[in-house]
Amino acid sequence: MSDRELSKTYEPGVVEDAWYGEWEQKRYFHAPSDAGGRAYSIVIPPPNVTGSLHMGHALNATLQDILVRWRRMSGDSALWLPGTDHAGIATQNVVERQLAAEKVDRHALGRETFIGKVWEWKKEYGGRIIGQLKKLGASCDWERERFTMDEGLSQAVREVFVRLYEEGLIYRGERLINWCPRCHTALSDIEVEHEDEKGKLYHIAYPLSDDGNIRLTVATTRPETMLGDTAVAVHPLDPRYKDLIGRTVALPLTSRRIPIVGDAVLVDLEFGTGAVKVTPAHDFNDYEAGLRQTPNLPRVRILDDKADILPDIPDVPAGVLKMLAGKPAKKARGIVVQLLQEQGFLVTTEDHGHAVGKCYRCKSVVEPYLSPQWFVSMQPLAAPAIEAVEKGRITFVPKGWENTYFDWLRNIKDWCISRQIWWGHRIPAWYCDDCGAITVSREDVGSCSSCKSAKVRQETDVLDTWFSSALWPFSTLGWPAKTRELASYYPTAVLVTGFDIIFFWVARMIMMGLHFMKEAPFRHVYIHALVRDAEGQKMSKSKGNVIDPLTMIEQYGADAFRLTLTAMAAQGRDIKLAPERIEGYRNFANKLWNASRFVFMNLDDEFTPNAGLLTGDSSLADRWILSRLQAAVTETHNAIADYRFNDAASSLYHFIWHEYCDWYLELSKPSLNQEKGSPARKAAQTALVTTLEATLRLLHPIMPFITEEIWQKIPQGVRGAGKGTAAASIMIAAYPQADESLRNAGAEQDMQMVMDVISAIRNIRGEMNIPPSSQIAAIIKVEDGELGRHLEKNAGYVRTLARLAELRIGQKEAKPQGAAAGVIKGAEVYVPLEGVLDLGQERDRLGRELERIEKDIALFAKKLGNRDFVERAPRAVVEKDTAKLEELKAKREKLEQNLKMLG
RNA sequence: GGGCGGAUAGCUCAGCUGGGAGAGCGCAGCCCUUACAAGGCUGAUGUCACAGGUUCGAUCCCUGUUCCGCCCACCA
């Protein structure tokens, strides 16, 4: 048994783990610190430590791996830098839930202990997604794996925070922010997801006169917040109300009187009653209106940080408070509505749909909440980020996403970066109990920078997770230190990610990269498809609607799974994945496997490749497949370079299955059947194995495992042929480059003729239901002698592939009685079917063929009869169409003759 | 309220810069032909959503319509 022998079917499971281990052990994934001017780098979008691999990750990682393997094989120092994100809120939630199961509250543990628990959790479960990426075959440089909370990155975070603070771009202030009462923290604007919900619009009467008879009716969806009203707004031009501006109304349920103000921005004449309650502490619009209209009035806050009603709202009588204090806002609504109704203030209610903001981590309804927070001034950072894309220093693929990017950055608001949780980068600011000054520092401080008092307390808030993510492209390379890695690999080549984090991550990385590195962090942003679930919903870590790609890998193999994703990665379209599709690509893997078996079976033990690929002994088929290979090389290379991954996949799929397997393997058989050592056999063996070898390298970035497994069985002398380097692994072998000297248009044309003849005979066989086992003869009548000689020379192919017992070729051949006929360019093909032929069936077949041709002729004739077309269309197009029409007409004539002969 | 994307074979989807409609699965027929039945060969199937327009010519460009999906937005 030769060591080149392969098992009958491809078994991915065994092969994959073995090769991955081998690659890793040999350090093939490792990129040198100094790239020597040939750097190609990609930083992975760090998955959450809490995450497990879902379809989005799988697609994302597959595409990056293709790029990195491709560049690595092409000779670059290719670095794919991996890592994970500490995912502040998400991770804290996971650990809290785990503790809750043990009936433990984090507050009972205390901050330090709790954080210790989270680190423990990370140590135990945080590596899961890394293992899954390995299963997929990701060729990340694991020696450089980073974590957003590790030592180096934490230092980068501090450096950035301090510098931005010193530059005045980070500030602290009391603002209305989005508050998640469940996660118990502030959120940034983009961390709030708006969902449409059915609600009610409550019309409430606010008494205008002391006797309560004259009333102003406001409409609101959130009646419970009325306790915090500080004004009622009407439109300044509203004839109904404009005279009331400046007067006051009594706020029902309270002892407060609030002013009526005119505000054209806040009030829409058409909506509701035209009068709006103003609650600055609990509504973003009202907050703005409050600043405009009543800057001196206190903003009445009625909710605490759990969104429960406060026990001490100004001007609210004890009786009312008793009912409401401590109640969650949602419950309070019912109580307030009931009170209003009982006291005759509720005028009416109507159904009303409106958008409700929800926490992107836990889906709780978010509460606008007035509190002191830390912010980043965005406009100074956004301007250069806009310019970088406008000027083309960064390009989005597909380009359409640039508009989304611009829209957001041009309307950007300051970024609330403080979070009231424990897991994350604690803000490096210290408050002085004595003088109240804030000290912001790279090092932990023990005394106030202003009054030197030792009574300083560090800020308890931590930073938004996305703050550290924004630094990822340079923090992972060692910044703020000036490392060789940073010099070699920054900026990175491309960022591969989904559109859902363009705001969260991509835009912020660009801003931070430009600000701190003075250079954009990447040249291209490739936005790939989003893998949605069955309902078209986006899959997300917190929604829990993820499908585990590992099942697919187990079932079909990582290579088949990767090829599926690649083939479906057409630009600008979402993916809905059907398992049958993976099955199809699994079959492809098996096809490749068996083709390789065939090749190895037909290599002699002492086989050595011919020195040159093309010798005088090469057959037409040999020249043809080598020529086609060059086309496949060019197409694949161009497709990957343009991020047209699906085109690369289909080009390879087509070449391997339909050209190499379906045609060339069959065509090589006549040569292989010659005796050992014969020149024709040697030439065919060379073409077979050379093409296979190059194809494996070409395919390797997409299907790394199977290509390595097969490649290792290829004779040493063939591996990396033309490069002179016999690599130990396909991973580090050279990526194929098109060899123009092997391009051969003549061979392609000649082969096409042979294939046409074979197809014509097969067609007759198929249509006439002639079993492949029954021996038939074929007669080919050619139009000119040269064609005849060409076919005669290649008759072996026709005999074998069409399974003929006899083949006659000549200009003078005629159609025998009772033969089926086929017409191709320049020749007629007859298959005598004495005794077998069903004349009626044959007539039908020819009739159908004729009908098709008539249709085509009509189309072309119409087109070419159009003078405008002939005069204005490019000459090549006209010539091509004219030739085609002539050919069709000739075919028609012959078909008609053949039909006539049938009677 | 703005913006984006989609509508192509029974299903899932390709069709790059306008020039005779494709793949996979499925379906029908014939085949276990010593690489592969996870296979081979052959075949059938499309008013390229609808209506206009530009053009010699439109699945492709423009306008509008309908139906899906998504993103953004402070309408109580």
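Quick note on labels: first sequence line is chain A, next is B, and so on, each numbered from 1. Values reported hereafter were calculated over all heavy atoms of this structure, with side chains retained and with hydrogens, waters and symmetry mates removed.
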[N] OP1/OP2 closer than 4.0 Å to side-chain N/O of [X]:
{"X": "A/N411", "N": "B/C72", "value": "no"}
{"X": "A/N590", "N": "B/G39", "value": "no"}
{"X": "A/K591", "N": "B/A35", "value": "no"}
{"X": "A/H282", "N": "B/A76", "value": "no"}
{"X": "A/R852", "N": "B/A44", "value": "yes"}
{"X": "A/K863", "N": "B/G20", "value": "yes"}
{"X": "A/K862", "N": "B/G20", "value": "no"}
{"X": "A/H354", "N": "B/C75", "value": "no"}

So what does [X] touch, heavy atoms closer than 4.0 Å: a base, only the sugar-phosphate, or nothing?
{"X": "A/I764", "result": "nothing"}
{"X": "A/R803", "result": "base"}
{"X": "A/Y653", "result": "sugar-phosphate"}
{"X": "A/H203", "result": "nothing"}
{"X": "A/V599", "result": "nothing"}
{"X": "A/D881", "result": "nothing"}

Options [options], nucleotide nearest the side-chain atoms of [X]:
{"X": "A/R597", "options": "B/A35, B/G24, B/A76", "result": "B/A35"}
{"X": "A/W657", "options": "B/G39, B/A35, B/U42", "result": "B/G39"}
{"X": "A/K884", "options": "B/A38, B/G20, B/A76", "result": "B/G20"}
{"X": "A/A595", "options": "B/A76, B/G20, B/A35", "result": "B/A35"}
{"X": "A/F499", "options": "B/C36, B/C75, B/C70", "result": "B/C70"}
{"X": "A/K669", "options": "B/C41, B/A35, B/A76", "result": "B/A35"}
{"X": "A/A219", "options": "B/U42, B/A76, B/G15", "result": "B/A76"}
{"X": "A/T220", "options": "B/A76, B/G43, B/C41", "result": "B/A76"}
{"X": "A/T9", "options": "B/A35, B/U12, B/A38", "result": "B/A38"}
{"X": "A/K8", "options": "B/C36, B/C13, B/U42", "result": "B/C36"}

For [N], the Watson-Crick or wobble partner whose two distances fall under 3.5 Å:
{"N": "B/C30", "value": "B/G40"}
{"N": "B/C67", "value": "B/G6"}
{"N": "B/A21", "value": "none"}
{"N": "B/A58", "value": "none"}
{"N": "B/A73", "value": "none"}
{"N": "B/U45", "value": "none"}

Next on the checklist: In this structure, is the centre-to-centre distance between the rings of A/Y653 and A/Y585 below 6.0 Å?
Outcome noted: yes
Next on the checklist: What verdict does the side chain to side chain donor-acceptor pair (under 3.5 Å) test give for A/N178 and A/Y369, after you've listed the backbone C-alpha separation in whole Å, the side-chain angles of each residue and the deciding distance to 0.1 Å?
Outcome noted: CA-CA 6 Å; A/N178 302 288; A/Y369 183 65; over 6 Å; no
Rounded distance (Å) that lies between atom [atom2] of [N] and atom [atom1] of [X]:
{"X": "A/F645", "N": "B/C16", "atom1": "CZ", "atom2": "P", "value": "18 Å"}
{"X": "A/I190", "N": "B/C70", "atom1": "CD1", "atom2": "P", "value": "20 Å"}
{"X": "A/D268", "N": "B/A76", "atom1": "CG", "atom2": "C1'", "value": "9 Å"}
{"X": "A/K855", "N": "B/A21", "atom1": "NZ", "atom2": "P", "value": "10 Å"}
{"X": "A/E849", "N": "B/A44", "atom1": "CD", "atom2": "P", "value": "9 Å"}
{"X": "A/Y556", "N": "B/G24", "atom1": "OH", "atom2": "P", "value": "18 Å"}

Checklist entry - So A/I710 and A/W593, side-chain contact (heavy atoms from CB on, under 4.5 Å) or not? Walk me through it. => result CA-CA 7 Å; A/I710 297 169; A/W593 183 257; 3.7 Å; yes
Atom [atom1], compared across [N] and [M]: separation rounded to whole Å:
{"N": "B/G20", "M": "B/A28", "atom1": "P", "value": "33 Å"}
{"N": "B/C60", "M": "B/G22", "atom1": "C1'", "value": "15 Å"}
{"N": "B/G18", "M": "B/G2", "atom1": "C1'", "value": "32 Å"}
{"N": "B/G26", "M": "B/A9", "atom1": "C1'", "value": "11 Å"}
{"N": "B/C61", "M": "B/A44", "atom1": "C1'", "value": "34 Å"}
{"N": "B/U55", "M": "B/C13", "atom1": "P", "value": "37 Å"}
{"N": "B/G52", "M": "B/C71", "atom1": "P", "value": "35 Å"}
{"N": "B/A49", "M": "B/A58", "atom1": "C1'", "value": "16 Å"}

Item to check | Other residues, nucleotides, ligands: >12 heavy atoms within 6.0 Å of A/E350 CD | outcome: yes
Checklist entry - Checking side chain to side chain donor-acceptor pair (under 3.5 Å) for the pair A/T279/A/K277: CA distance, chi angles, key distance, verdict? => result CA-CA 6 Å; A/T279 321; A/K277 60 194 267 313; 2.9 Å; yes
Next on the checklist: Between A/T882 and A/K880, do the side chains contain a donor N or O and an acceptor N or O under 3.5 Å apart?
Outcome noted: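 No, A/T882 and A/K880 have no side-chain donor paired with an acceptor closer than 3.5 Å.
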Next on the checklist: Is a donor from one side chain sitting under 3.5 angstrom from an acceptor on the other, for A/S188 and A/E191?
Outcome noted: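 Note: A/S188 and A/E191 side chains meet the donor-acceptor criterion.
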Checklist entry - A/R845 and A/N763: side chain to side chain donor-acceptor pair (under 3.5 Å), yes or no, with the steps? => result CA-CA 10 Å; A/R845 192 179 68 86; A/N763 176 286; 3.0 Å; yes
Item to check | 5' precedence on RNA chain B between A/E666 and A/H194 (nearest-nucleotide basis) | outcome: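 By nearest-heavy-atom nucleotide position, the 5'-most residue is A/E666.
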Item to check | 5'-most by nearest nucleotide on RNA chain B - A/N866 or A/G766 | outcome: A/G766
Next on the checklist: Please determine whether a side-chain nitrogen of the Lys or Arg among A/D881 and A/K863 lies less than 4.0 Å from a carboxylate oxygen of the Asp or Glu.
Outcome noted: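 Here A/D881 pairs with A/K863 in a salt bridge, since their nearest N and O are under 4.0 Å apart.
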Item to check | Electrostatic pair A/R848-A/E851, nearest N-O below 4.0 angstrom | outcome: no
Checklist entry - What about A/N769: does its side chain form a donor-acceptor pair under 3.5 Å with the base of B/G29? => result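 In this structure, the two groups form no donor-acceptor pair.
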Next on the checklist: Once hydrogens and angles are ignored, does a donor-acceptor distance under 3.5 Å link the base of B/U42 to the side chain of A/R765?
Outcome noted: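 Answer no: no donor N or O sits under 3.5 Å from an acceptor.
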